[in-house]
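Okay, structure first, notes after.
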Amino acid sequence: MPELPEVETVLRTLEHQIQKQKIIDIDIRWDRIVQGDNDEFKQTLIGQEFVDFKRRGKYLLFIMNDCILVSHLRMEGKYFYVDKDTPVDKHTHVIFKLSNNLELRYNDTRKFGRMEILPKDTDLDTFKNLGYEPWDERLTSAYCKSVLRKRTGPIKGALLDQSFIAGIGNIYADEICFKMGVDPRKACKKITKKNCEDLIIATREILQRAIECGGTTIRSYTSSLGITGLFQLEVYVHGKKDEVCPVCGTPIKKIRVATRGTYFCPNCQKR
DNA sequence: ACACTGACCTGCGAGC
DNA sequence: TGCTCGCAGGTCAGTG
């Protein structure tokens, strides 16, 4: 399940593999992956080179000569970089044929991922109504407090809201709440200034560490060529129902918060 | 204006 | 053992 660290890892890998490669043809095998008109998508991209590689939240941004190719992996999207003679997997939905006889293949078991073309002058700061990147200097405790004061619902819901901070998904939201020592159900309105300071520190530390680890892979993927997290990040609570809290030994609980499966330590995390 | 719900998908694990 | 059923997840459109 790619979140910000996984997307960053994929991007860095692809940057080193396909930079300056030219797209000579595109095979779209599941048309809903591509937003908008498929022929237009092909026409726009054929002949373009992969010039630069950026990320915004969980979106991959391939900067081409005359446009931006935006790709969101959702839950299980992956890219394979393989020889054109490699048998095509049944979950491969888009194939970019490159000038060096290799292919960039988009593989997505659940067909949830999406890609689209955006103009080259798209404002990436306000793109998709995304909030600040975790390391943006504008992400201050004063900013967090002012947003959370106006918000109803639990803190976990805010962490998952991409217009608040970009890039946090369900796994890291649980880990951030644990590191903050805050119950994921705690109302946004009751989040203190101190909580906000902890939130920023926890978010940056956890995501930074995850990037250094090459992302987290929770499910075991079967692919050997897949560009996914190769290392396991030390996850404290997510997916650890009934296991003991690494800090205090209390069994981890699983509940539902903001419509998501949520794991937390009922002793360490306070309302 | 805000928040919640359902749709999009497939694989897997639980339960019978 | 073999089947069905429901859950998992991020985003967006639709609804309340």
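Source: prediction; values computed, not measured. To find a chain, count down the sequence lines: A is the first, B the second, and so on, and within it residues start at 1. Heavy atoms only: backbone and side chains are in, while hydrogens, waters and symmetry mates are out.
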Separation of B:dA7 atom P from A:M75 atom CE, nearest Å, is 16 Å
For atom CD1 of A:I33 and atom P of B:dC9, their distance in whole Å:
8 Å
Answer yes when A:R151 and A:D161 have at least one side-chain N-carboxylate O distance shorter than 4.0 Å, and no when they do not.
yes
Among B:dA3, C:dT11, B:dC9, which is the nearest nucleotide to the side chain of A:T152?
B:dA3
Taking 4.0 Å as the cut-off, does a side-chain nitrogen or oxygen of A:R260 come that near to OP1 or OP2 on C:dG10?
yes
Candidate pair A:Y106 and A:F80, rule ring-ring contact (aromatic ring centres under 6.0 Å, His included), full reasoning
CA-CA 7 Å; A:Y106 179 72; A:F80 297 134; 9.4 Å; no
A:K111 side-chain N/O to C:dG10 phosphate OP1/OP2 under 4.0 Å
no
Using only side-chain N and O atoms of A:H91, determine if any of them is under 4.0 Å from OP1 or OP2 of B:dG11.
yes
Report, as yes or no, whether the 6.0 Å neighbourhood of atom NZ on A:K145 holds more than 12 heavy atoms from other residues, nucleotides or ligands.
yes
Phosphate OP1/OP2 of C:dT11 contacted by A:Q162 side-chain N/O (<4.0 Å)
yes
Over how many whole Å does the gap from A:K78 atom NZ to B:dC9 atom P extend?
17 Å
Quick one: do A:D27 and A:K42 make a salt bridge, cutoff under 4.0 Å?
no
Interatomic distance, A:K254 NZ vs B:dA14 P [rounded to whole Å]
11 Å
Taking OP1 and OP2 of C:dA8, is either one under 4.0 Å from a side-chain nitrogen or oxygen of A:R256?
yes
In whole angstroms, the gap separating C1' of C:dA13 from NZ of A:K128 amounts to 13 Å
For A:N170 and C:dT11, give me the distance from atom CG to atom P, rounded to whole Å.
11 Å
Using a heavy-atom cut-off of under 4.0 Å over every strand shown, decide if A:G261 touches base, sugar-phosphate, or nothing.
sugar-phosphate
Taking atom P of B:dC2 as reference, at what distance in whole Å does atom CZ of A:R151 sit?
10 Å
Tell me: CD of A:E3 to C1' of C:dT11, nearest whole Å?
14 Å
Is there a side-chain contact between A:K150 and the phosphate of B:dC2, meaning an N or O under 4.0 Å from OP1 or OP2?
no
What I want to find out is whether A:E8 reaches A:R55 closely enough, with some N-O distance under 4.0 Å, to be called a salt bridge.
yes
Can you tell me if A:T109 touches the phosphate of B:dG11, counting only side-chain N or O atoms and a distance under 4.0 Å to OP1 or OP2?
no
